[in-house]
Each structure stands twice: as C-alpha cells, then as structure tokens.
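Input: a single structure, listed below in structure tokens.
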Amino acid sequence: MKVARVIVDVPSMSIDRLFDYLIPEKYEDIVEKGMRVIVPFGPRKVMGFVVDMQNDSSIEKLKSIVEVMDMTPVLTDELLKLGTWLADTTLSFKISTLQVMLPQILKAKYNKELKLLVEGEEELSPVLKSLFVGRAVVSFSEIEERNISYHHIQKAIKDGYVEVQYVVKSKETKKKLTWVRPVNPLLLEEALVDIPKHAKKQRVIIEYFLEDNEPLPIKQLEGKLHTTRSTVQTLVQKGLLETYEQEIYRDPYENRNFEKTDPLPLTTEQAEVIEPIHETIQKENHDVFLLHGVTGSGKTEVYLQSIQKAIEKGQEAIVLVPEISLTPQMVHRFKGRFGSKVAVMHSGLSAGEKFDEWRKIQRQEVQVVVGARSAIFAPFRHLGIIIIDEEHETSYKQDDTPRYHARDVAIFRGEFHQCPVVLGSATPTLESFARGKKGVYKLLTLSKRVNNQNMPEVDIVDMREELHKGNRSMFSFPLQEKIQERIQKKEQIVLLLNRRGYSTFVMCRDCGSTIDCPHCDISLTYHRKQEKLKCHYCSYEIPMPKLCPHCESESIRYFGTGTQKVEESLQQTFPEARIIRMDVDTTRRKGAHERLLAQFKDKKADILLGTQMIAKGLDFDNVTLVGVLAADSMLHIPDFRSAEKTFQLLTQVSGRAGRHQLPGEVIVQTYTPDHYSVELASQYDYEAFFGHEMKVRKAFQYPPYYFLALITISHPNHPYVIQVTQRVAKKLNEMSNNQTKILGPTPSPITRIKNRYRYQCMVKYRNEPNLYTNMRKIVQEFEHEIQNKDLQINVDFQPNHMM
DNA sequence: CCTGATCATGAC
DNA sequence: TCATGATCAGGA
C-alpha cells in the first residue's frame, strides 16, 4: 500500500496538518513529493501538495488521490522544508506558505457543476429543462446568474436526476506555436506533379520544402512565401505536410538585444570586498555579508562578479532588488553580463510571463534570477549565492500572510545550500548594521565612489525662513534659482515629493469638518480624475459633494499636496519647463514607468517630478540637480523608524545627482533643518546617524535592542474586541519572562476598517525562545471564536508598521 | 407543522 | 473553507 501525505488547499486552523491518501495503482510510479494532486475532501474535491510518502497509515479508511496535476514536482524537498519553517515562524497555514512559493497561475481554480444523470430531459421539472437544454453539465455560476432557486436542484438531486460534481482546474497555460513540416521529404518531388497548374501557391510551398526541409512556424511560412493558412491546410489534407505544436516561452525581453558586457576592472576597495565572498563560495560555507557601500560605489559590479564565480562552479544565484528599482537599466546589467542565463521576475509581467520565467528556473535552463521579493523562492537546486540589494527596503517583508521577510528566507536557504548571502545597501537597516558590528554578519565596506567623484553638495533650506521672506510657494528661492539655471544650461532636474504624510483629504473651511468613510475610521481621499472621494481601506466611494454635508456651506476644498498639484504650480513658476510627472497615477499602465524614464533619458523633459519611486537606482548622466520638496514629511508620522526612513530616502535621492562627469547638487527643503536625520544625511554620515539613532532606540526600547511582535484583533463588536484583546494580553503576560514587555490593549491607529473594530497588543522581547509556540497556543485557544464568531487574530513578527 | 436562518461540526 | 445536518424562531 502506498500512501501520500497531503497538505490540502483549505486555509483553516483545524485543517492545517497532513492528510493521508491512498495512491491508486495507476499513479504509483508517478506521484512524488512536491507534486500537486487533486483529492476528495469531504463532499468536494480540492488541490493538495504531496509532502511525504509512506507505506501505511494510521487512518483506517483512506480515500484515494483522484488526479495528479504535475508531471514533475513543483516544489523541491528544500522548499517543502522551508514551507514548514515559514509556517512556524510567521504563524501561517502550511498551505499558504507553499502557495506563496509558486507563480500565481499554478493556484487551482474550483468549479462546481451540476451533472445530468438520466438520458434525455423528459423527467426533469420545467425549470431544469430550460437550464440544461440538451447539455449534460451546467456550471453553478450559470445557475446563480439565472437566479434558479436551490430547492429545484435539491429536489432533482433527491430524485436522482442530477448530481453535484466538483472540478479542480489549473489556470496554467503554456503558450504554443504551430509548426509545419513535410510528412516525408522524399515524396515531395513526385507530389509536385500532381499539384494543379493554377495552384501556384501550393507549388511555392512545396518547392520551399524541397530546397530546405527544416520545419518552420506556420506564421513565418505565411510571411515568407506570401501564402495563407488555407493553402497550407490543403497540403496538409493531401497528406504532404503536417502541422504540430511546440511549447514556447513568453519572453518579455525577446525583442531586445542586450549588448554583452565584460567584467569591469575592480577598484582596490571592490577587490578587497569581493575576496571574502569568493572564498565563501569556493569553500561552500554559509555566511551573511553586509555590504555597506555609498551610492555609486559599484555594488552591482561586486554582485555581478560574485555571481560569475558561482556560475563557474556550476551553481546558481538569486538576486533580489526592490520592485521599484527593477528598472530596464537594472535588468540590462544582468542580461548584458549573463545573457540567456537570466530569468527576470517582477510584478510588471503578466501571469503567463511569470509562469514561463519560473519554468525556466524549474527546468534548470537559467542559472540566475533577478527579481522582487518572491524570487527568493526560485526553485534552484544548487544555489551558490543569494544577493539582496537595497537591503533596507521595507518591501522585502510581505504585508499580508504569510508575513515573511525575504532576508530571513534568504538566510534559511543560504544555510541549507551552504552558500553566502550578501545584503547590500548604502543605508542598511539598524538591525543589520548592528549585527554587522557585532560580527553576526560580516561587514564589508565600500566608502568611495568608483569614479572617485565626491558626493554631491547638499544644501539644506529652512522653509520657515522662506516663509518669513514672504515666499509662500512650495519652491524655496534657492531652489527656484537653481532650477532656472539648469534649464538654461540644458541640464536636467529631479524633484522628489514625499507623498506619504500628505494626503488629499477634503475639509470644509466653514465648519472645519472632514468627510470620513462610514465603515472605517479614516477620512476619504479625493481623486480628481473621477471627481470622487474614495476610502483607501474599503471600496467605499462617493461623488465629490458640492456642499458640506454638515453645514451645507459651499466652501469645501481638498487639502494636501498631491503630485498633480505640485506639477501645476511648478509649471506656473517655470512656464518654459518640460515636466514629466511620475506617480501611481501616471505609471499604472503596463510599461508606462519605463516609457516615462526613457523620455527623460532622451532629454525630452527638463524636470522629473515624482514620489519615492524616482529615488532608487536611476542613473542619468545629465541630472545635476536634485530637489527634495519636503524632507520632513515622513518625520511626523508616528513610527519609530521615521528618522531612519528619512535618512535613507535623503541619502538615496542625493545619490541620483552628478553620477557622471557633471558635478551634482542637492537641495533639501525642510521645516526641521536641525533634525539629526536631515543634518547627517546631508553630510553623508551613516556612522554618526547609526550611533545617534541607536541611542534613541535603546532609550525607547525599540529594535534592534528589542524584537517586536504586533497582535491585532478585530471583530464587528467593539466591547468584544477589547475583551478578547485583554484576555490575549493576560495570557501573553503569563507565558513570557519578566524582561518581556507587553503593551496594550490599545486601539489600532485605524480603529475601524470595513466595520470591524481593531485593537492591538505589542510585545517587546529580547529573549523568548518559545514565543512562536506560545503565540500559536494562544491563537489556538481562540480557534472556536475565530471559526464561528468572525473573530480575527493577526500576528506580525517584526512588523513594518503599526497598523 | 413547515420554512428559512443560524450554528456546530468534520473533513484522510 | 464549505457542505451538511441540527436546532431554533416565527408564521398561519
């Protein structure tokens, strides 16, 4: 007896374990660990992952696997292990951790159908007769659309006329190309005689294959010989040619040539830094390196040559870059060096393209993957190095379950494969840098720019003084002057507006009231394009009212500074300037991001105005001025990392100027010019910032001195949420040691979302080896209420934000 | 006594 | 998560 142990696709606490299924004889030699199967589960059928195989089971009556979905496993043994570990350390379901490792398209789709059991439709009720009309199966979605009441169907089921069947489908599609080839090349010569005189096109085709009988895609044949599909079809019918399908990859970069680049000579610093990495690859050791390199110090070349080393050893490499900086420039550098050995994974690809890139990895056709967060799960089997660029980026942590951090996954995989993990950044997170100093990570430093250029001069402008001088615009006099100067010199300008901390909310100037979402405790934001007010958290929206709903005054206005508004006033101040605006609105469409940047590179604009997304990785040789419009907009949001984030952003954006021959300049506008994050960023003094910020973190007991876990509890009933949160806090207190601090219950920053009240507890801990299991125990104690009473308990370890 | 609505339970 | 059977309130 062969038994498969299966994790089924049912995200529920009580189902979050293994289920045993009999492997039918016909599948005995086929089923392997890591494959997806379809299994009966209760009355329905669901997808599941085989994670183990056995010869017997403790369960008496086993059901059998219905179908095997894969020819080869989609998950390796390592990834299965990783899944279990992730489920333990993020408190998520095993099924979710396995699903998150695969391209979306492999996620099963479930369909419910009604099947006719009798011949003909005579015995059916009139309603059902009209439903089936000659068909044998009807999908439930159609039944719902037609509003047919369930008891017609129930009755028919009871009478044995119909039955419900469950279908599991894969959305997976492989793109195919149709090819043409001669059935037997030797027969073509004779066949030519039988082709009618007037059938010129048929002759052309035959003659073509006589000359060169290599198969050809049908599309190409049509183009080359100016023929059509029907001519080919006639020859197929005559038995001379045949068509067949071959699978192809959707290659998002297929029409682009990547000029081959060779390794660049290294600076002394680069050579020093690369040495220990190479050695670790060579010795097949695991180590975590923190590569701290100023912007423009040539980190990418260090990555490239480290990867080279791994490839030469026959191993593979994963490179993570933040989604936002996965620009064509970046892809170019990797494709240029490693050509077709590279797969690229990012959110701009269609589901089909992502699947194809993933398959290249799975089939070991590529050795390098460059991608955003989820590329960390690339199914490589011989990893030689893992690189995380811009290590400090918050997007490496997934915001919803499973709330994993790509850095942790990288270290897990690095240990498994005994290979180095390289974390690179000009502004590492305090957590990482502290580990670097302690020697937990090996600290590597690049302190000079490759071209030995100085970092651009940073000029801090105090906006309060501007106000005193009578300048009420959002562009300070020095900035205006410099912009004017660049436009004249035909040099380019990058302007950064930090939208966070600003939002376009609506307020009445008479009564001062704002317009809030009726389901969430947050004000609605104004969307100019559709003249609507929308809620960010639920789908609620209303047309922009003409009168204040409270006092019926006409003076309701929207406040805040959106990029559009800045663009307008920028245009007013510099009527001759050509401006490109980059924000969520202008880059939503596929390829828009890329197109705008290309325009700017081609000097079709003088000013690039944008949000965070322009702060990273861009490299334009004609940019000599960078302006930050509101450097402190992030400082005032209640987040213990706000100083760190401000420092990071200012440093990153300053690095955009003067990267080539022309020297650069940076202007930072702020209302808090003496805040240490602004001041130290302008001096490019990371070490000093680190020292200062560490003191702050110590004083307030924040990371890296303490770990955090945030528990958020939500339910439609307000008093009930408070009560549950209190109970949770009490249990936590009982279970943890006396160094650990439990804060709360407190209301979440947004106390209500989608009509659910939200309360939270914060755990600050230094050493709680059992926290994961304890936390799981606590959540399990509420299992009943979670399942039956619509209670939600969310646990986020090392949260990015407190919401 | 029937009907629809809500609840509790189990799924290899 | 979701189908099922049990239980309960309300209507005539």
Side-chain angles (χ1 to χ4, degrees), chain A residues 1-25 27-28 31 33 35-69 80 84 87 91-100 104 107-115 139-141 143-144 147-160 162-169 171 400-402 714-717 720 756 779-794:
Chain A
M1 180 171 83
K2 275 249 185 176
V3 172
R5 315 210 73 196
V6 176
I7 306 256
V8 292
D9 181 16
V10 177
S12 143
M13 221 179 297
S14 52
I15 304 308
D16 188 32
R17 56 192 173 89
L18 298 178
F19 286 82
D20 291 358
Y21 286 91
L22 211 58
I23 304 177
E25 234 168 81
Y27 291 140
E28 262 187 20
V31 175
K33 260 176 159 186
M35 281 182 179
R36 294 170 307 150
V37 290
I38 295 168
V39 291
F41 195 71
R44 44 195 181 130
K45 283 184 196 132
V46 297
M47 189 277 288
F49 290 94
V50 178
V51 297
D52 212 350
M53 312 262 272
Q54 293 181 346
N55 288 319
D56 51 15
S57 167
S58 52
I59 304 297
E60 299 211 344
K61 33 187 191 230
L62 291 183
K63 289 186 182 174
S64 291
I65 289 175
V66 181
E67 211 178 301
V68 181
M69 291 178 86
L80 291 175
T84 316
L91 277 205
S92 18
F93 303 129
K94 291 181 187 67
I95 187 67
S96 323
T97 60
L98 297 181
Q99 300 264 41
V100 81
Q104 271 301 304
K107 229 185 151 181
K109 213 181 116 206
Y110 298 97
N111 244 334
K112 228 170 117 184
E113 295 174 342
L114 199 59
K115 187 179 167 196
S139 81
F140 259 68
S141 57
I143 294 171
E144 256 160 48
N147 237 341
I148 293 172
S149 101
Y150 200 71
H151 63 245
H152 289 291
I153 292 157
Q154 259 180 341
K155 188 162 185 311
I157 294 171
K158 245 191 201 147
D159 295 343
V162 292
E163 78 176 358
V164 179
Q165 69 179 11
Y166 300 86
V167 200
V168 185
K169 278 189 188 136
K171 282 180 275 183
D400 40 48
T401 49
S714 76
H715 190 272
N717 181 312
Y720 177 65
R756 302 179 64 89
V779 176
Q780 265 159 2
E781 284 184 43
F782 289 90
E783 187 186 347
H784 198 253
E785 278 128 295
I786 291 170
Q787 215 180 44
N788 297 323
K789 298 212 174 102
D790 195 19
L791 175 71
Q792 277 179 31
I793 301 183
N794 268 305

- Do side-chain atoms of A/Tyr166 reach the backbone of A/Pro40 as a donor and acceptor pair under 3.5 angstrom? no
- Query: If we only count heavy atoms from C-beta on, is the A/Phe19 to A/Arg17 side-chain gap below 4.5 Å?
  - Reply: yes
- With B for base contact, S for sugar-phosphate-only contact and - for none (protein heavy atoms under 4.0 Å), nucleotides 7-12 of chain B reads --B-BB
- With a 4.5 Å limit on heavy-atom distance, are the side chains of A/Leu62 and A/Ser57 in contact? yes
- Query: Do A/Gln787 and A/Met13 come close enough that some side-chain heavy atom pair is under 4.5 Å?
  - Reply: no
- Message: Considering every strand and a 4.0 Å limit on heavy-atom distances, what is the contact class for A/Phe93: base, sugar-phosphate, or nothing?
- Response: nothing
- Note on the structure: From the list A/Asp20, A/Asp52, A/Asp56, salt bridge (charged side-chain N to carboxylate O under 4.0 Å, His left out) partner of A/Arg5 resolves to A/Asp20
- Item | For chain A, the stretch of DNA chain C it reaches, first to last nucleotide, under 4.0 Å of its heavy atoms | C/dT1 to C/dA3
- Basic-acidic side-chain contact under 4.0 Å: A/Arg756, A/Asp790: yes
- Item | Partner of A/Pro24 by side-chain contact (heavy atoms from CB on, under 4.5 Å), out of A/Val66, A/Val31, A/Val68, A/Ile65 | A/Ile65
- Note on the structure: With sequence neighbours left out, the residues meeting salt bridge (Lys or Arg N to Asp or Glu O under 4.0 Å) with A/Glu783 are none
